[in-house]
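Lettering of chains follows the sequences in order, A, B, ..., and the numbering in each one begins at 1.
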There are 2 protein chains.
Amino acid sequence: MNEIPAAVCPTSLAFQMLGAAHEVEARLESALDRIGLSVAKFGVLSKLVEAGEPLALGSLAERSCCVRSNMTQLVDRLEADRLVERINDPSDRRSVRAALTPAGRERHAEGAHIVEEAGRAVFASLDDGERATLQRVLAQLGRSP
Amino acid sequence: MNEIPAAVCPTSLAFQMLGAAHEVEARLESALDRIGLSVAKFGVLSKLVEAGEPLALGSLAERSCCVRSNMTQLVDRLEADRLVERINDPSDRRSVRAALTPAGRERHAEGAHIVEEAGRAVFASLDDGERATLQRVLAQLGRSP
DNA sequence: CCTGTATGATTCACCCATGAACGAAATTCC
DNA sequence: GGAATTTCGTTCATGGGTGAATCATACAGG
């Protein structure tokens with residue numbers, strides 16, 4: 001059976017995708033909430049850990065695929081949490097770099113653990129092949145635009 | 001090749017999924033923006049069209065998988081756009097029902113057209129089999145929790 | 001030099017979403 | 001009938017996101 005799959009309605013597929021992603025995000029969000037992080041905050045910490053050095057807010061916004069004004073506020077909150085610090089760039093006085101604090105580095109490590117767990121739970125109902133297919137299809141979806 | 005797919009990292013898969021959904025949502029959002037709608041507003045109009053009758057805000061919130069306070073504001077904005085109207089329920093004076101206006105019904109029809117187009121464009125890089133697989137995997141993801 | 005122009009961050013107004021607190025109305029249970 | 005409880009919508013504070021406007025600084029070209 002199922003040799004000739006019926007054409008999939010693009011509208012319902014799109015909304016199904018948004019719904020599923022909403023579900024996944026809610027699960028990560030509630031897991032991270034246990035250590036006072038959000039998906040957005042964890043994302044910023046990850047970028048800083050990856051980079052291995054303080055990053056200008058604009059660069060951070062670009063890597064996070066969001067606008068600069070958003071990063072301003074996100075870093076405001078992260079700074080209030082004492083997880084990052086703003087430092088001035090002497091070589092360009094317009095620029096402000098976000099630097100991880102030791103607490104930020106540590107919180108990111110805890111977050112990475114939690115996200116790994118939560119991710120595993122979310123995709124537990126899929127077998128290895130389905131996960132690989134999903135990854136391939138999502139990547140394809142990102143490449144075309 | 002690829003007989004034994006490497007295990008997929010759940011963290012990166014989760015973030016890839018959020019990123020792809022963000023992309024899809026942004027495309028729908030920008031398409032709907034041309035007629036002054038958003039994905040959230042279109043969703044509410046759709047629920048009202050489906051139901052074929054005015055719906056209480058609580059019921060609308062439940063069908064949209066969001067909290068009631070959110071629906072209050074969403075209906076505020078839809079009412080400001082003259083696309084829905086609040087009507088009192090004489091049989092339960094606590095209840096407020098949202099009713100489509102003729103403009104709302106018409107705007108929904110335009111939106112449905114636009115979303116269909118945009119959805120088709122978004123998934124254009126996938127073949128029929130991939131779309132069917134994606135749908136199946138997303139459904140599976142939603143069933144397990 | 002100095003006058004544009006481009007770029008970095010911020011502020012502001014807005015949209016969407018959540019949860020807690022609240023008042024009003026319906027229900028339940030003496 | 002009246003007290004306690006539940007349910008409905010709203011309001012408020014907060015978090016996360018966008019785009020437009022603004023200010024300071026850097027970087028041209030004359």
For this session: Could you please spell out the steps behind the side chain to side chain contact (heavy atoms under 4.5 Å, CB included) verdict for B:Leu55 and B:Arg97?
Result: CA-CA 5 Å; B:Leu55 291 176; B:Arg97 298 167 90 90; 5.6 Å; no
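- Taking atom CG of A:Asp33 as the reference point, atom C1' of D:dG16 lies 14 Å away to the nearest angstrom.
- Look at CG on B:Leu60: it is 16 Å from C1' on D:dT10, rounded to the nearest Å.
- Around the CG atom of A:Asn88, the shell of radius 6.0 Å holds no more than 12 heavy atoms that belong to other residues, nucleotides or ligands.
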Look for any protein N or O under 3.5 Å of an N or O in nucleotides 17-21 of chain D and output each such pair with its distance, or none.
residue : atom : partner : partner atom : Å
D:dG17  : OP2  : A:Asn70 : ND2          : 3.3
D:dG17  : O5'  : A:Asn70 : ND2          : 3.2
D:dT18  : OP2  : A:Val67 : N            : 3.1
D:dG19  : O6   : A:Ser69 : OG           : 2.8

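- The side-chain heavy atoms of B:Asp128 and A:Val8, taken from C-beta on, include no pair separated by under 4.5 Å.
- Counting non-hydrogen atoms under 4.0 angstrom, A:Ser95 reaches the backbone sugars and phosphates but no base.
- As rounded to whole Å, 9 Å separates atom P of C:dA9 from atom CG of A:Asp89.
- Residue A:Arg93 contributes atom CZ, which lies 12 Å from atom P of D:dC27 at whole-angstrom precision.
- One finds the CD atom of B:Glu23 at 10.5 Å from the CG atom of B:Leu28 (value rounded to the nearest 0.5 Å).
- Nearest nucleotide to the B:Arg94 side chain, out of C:dT7, D:dT7, D:dG9: D:dT7.
- Nucleotide C:dC16 holds its C1' atom 15 Å from the CG atom of B:Leu37, rounded to whole Å.
- Rounding to whole angstrom units, CZ of residue A:Arg68 and C1' of D:dT22 are separated by 13 Å.
- Contact of the B:Leu57 side chain with the B:Arg68 side chain is not registered, since no non-hydrogen atoms from C-beta on lie closer than 4.5 Å.
- Remark: C1' of D:dT10 and CZ of B:Arg86 are 9 Å apart, rounded to the nearest angstrom.
- Ring geometry for A:Phe42 against B:Phe15 counts as tilted: the plane angle lies between 30° and 60°, on a 0 to 90° scale.
- Remark: P of C:dG8 and CD1 of A:Ile87 are 17 Å apart, rounded to the nearest angstrom.
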